[in-house]
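Everything below concerns the one structure shown next.
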Amino acid sequence: DVQLQASGGGLVQAGGSLRLSCAASGFTFDDYAIGWFRQAPGKEREGVSCIRSRDGSTYYTDSVKGRFTISSDNAKNTVYLQMNSLKPEDTAVYYCAAKRSWGYYNTMHECRNPMNYWGKGTLVTVSS
């Protein structure tokens, strides 16, 4: 069975840091791109970051560039999202999702919906 398990959420003050983890199983990790998405209360889900497992190429949405870093440990089939300088507007449920990689030049397209698999979310709350 395919599983994506997100963890690492919590409550942090503005300016603080958190590291989210997404542990994957049940598919060939190197053949997939892994994306982080988030959904804040009353808002639509948005794509935050994406990494292509095969070559480590990455994408970030503008609002997190310079603050968030996505990385992959292929030996552990795990993707991380290091979140620094957190802001209250980063408060959301964060989800990881996987999509079969097509080798797009622009990594953003590797995590374009629809994704193939979704994990359950982890809540990140940033207090002001």
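- Classified by interplanar angle (parallel below 30°, tilted 30° to 60°, perpendicular above 60°), the ring pair Tyr104/His109 is perpendicular.
- Looking at every heavy atom in both residues, Gly8 comes nearest to Leu18 through O-CD2, 3.9 Å.
- Checked by atom type and distance alone, the side chain of Glu110 pairs as donor or acceptor with a backbone atom of Trp102 at under 3.5 Å.
- Between the CG atom of Asp1 and the OG atom of Ser25 there is a distance of 8.5 Å, given to the nearest 0.5 Å.
- Taking NZ of Lys87 as the start and OG of Ser128 as the end, the distance is 14.0 Å to the nearest 0.5 Å.
- Residues Thr91 and Pro41 approach most closely at O-CD, 4.5 Å, considering heavy atoms.
- By the criterion of side-chain heavy atoms lying less than 4.5 angstrom apart, applied directly or through intervening Ile, Leu, Val, Met, Phe, Trp or Tyr residues, Val126 is not grouped with Leu123; the two fall into different hydrophobic clusters.
- When all heavy atoms of Arg38 and Ala92 are compared, the pair lying nearest together is CB-CB, 3.8 Å.
- Ring pair Tyr117/Phe27 is parallel by interplanar angle, where below 30° counts as parallel and above 60° as perpendicular.
- Inter-residue side-chain proximity for Val124 and Leu20 is flagged as met; some heavy-atom pair is nearer than 4.5 Å.
- Remark: Thr69 OG1 to Arg19 CZ distance equals 11.5 Å, nearest 0.5 Å.
- Counting only heavy atoms from C-beta outward, the side chains of Val64 and Met83 never approach each other to under 4.5 Å.
- Linking ILVMFWY residues whenever their side-chain heavy atoms come closer than 4.5 Å, directly or via other members, leaves Ile34 and Trp118 in distinct clusters.
- Cluster annotation: Tyr60 and Ile51 are assigned to the same hydrophobic cluster (Ile/Leu/Val/Met/Phe/Trp/Tyr, side-chain heavy-atom contacts under 4.5 Å, transitive).
- The two atoms that bring Ser85 and Asp90 nearest to each other are O-OD2, 4.4 Å, heavy atoms only.
- Remark: the backbone N or O of Phe29 is not paired with any side-chain donor or acceptor of Asn77 at under 3.5 angstrom.
- With values rounded to the nearest 0.5 angstrom, Tyr32 atom OH is found 11.5 Å from Lys99 atom NZ.
- Leu4 and Tyr94 end up in the same hydrophobic cluster when Ile, Leu, Val, Met, Phe, Trp and Tyr side chains are linked at under 4.5 Å.
- More than 12 heavy-atom neighbours from other residues, nucleotides or ligands sit within 6.0 angstrom of CD on Glu89.
- Residues Trp36 and Val12 fall within the same hydrophobic cluster, defined by Ile, Leu, Val, Met, Phe, Trp and Tyr side chains chained together at heavy-atom separations under 4.5 Å.
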Exercise for review: Could you please spell out the steps behind the side chain to side chain contact (heavy atoms under 4.5 Å, CB included) verdict for Thr107 and Thr58?
Suggested key: CA-CA 6 Å; Thr107 306; Thr58 60; 5.5 Å; no
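- Taking CE of Met108 as the reference point, atom OG1 of Thr61 lies at 9.5 Å (rounded to 0.5 Å).
- With hydrogens and angles ignored, the 3.5 Å screen pairs no side-chain donor or acceptor of Arg52 with any backbone N or O of Ser57.
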**Study point:** Working for side chain to side chain contact (heavy atoms under 4.5 Å, CB included), residues Gln82 and Ser17
**Key:** CA-CA 7 Å; Gln82 178 67 43; Ser17 299; 3.9 Å; yes
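- With hydrogens and angles disregarded, a donor-acceptor distance shorter than 3.5 Å links the side chain of Ser49 to the backbone of Tyr59.
- Side-chain contact of Asp31 with Ser101: a donor-acceptor pair under 3.5 Å is absent, judged by distance alone.
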Point to revise | Worked verdict on Val79 versus Cys96 for side chain to side chain contact (heavy atoms under 4.5 Å, CB included) | key: CA-CA 9 Å; Val79 169; Cys96 61; over 6 Å; no
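- With respect to Lys65 and Asp62, a salt bridge is recorded, a charged nitrogen being found less than 4.0 Å from a carboxylate O.
- The number of heavy-atom neighbours closer than 6.0 Å to CD of Gln3, taken from other residues, nucleotides and ligands shown, is 12 or below.
- Between the CG atom of Asp55 and the OG atom of Ser72 there is a distance of 10.5 Å, given to the nearest 0.5 Å.
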**Study point:** Full working for side chain to side chain contact (heavy atoms under 4.5 Å, CB included) between Leu86 and Phe68
**Key:** CA-CA 9 Å; Leu86 282 161; Phe68 290 10; 3.8 Å; yes
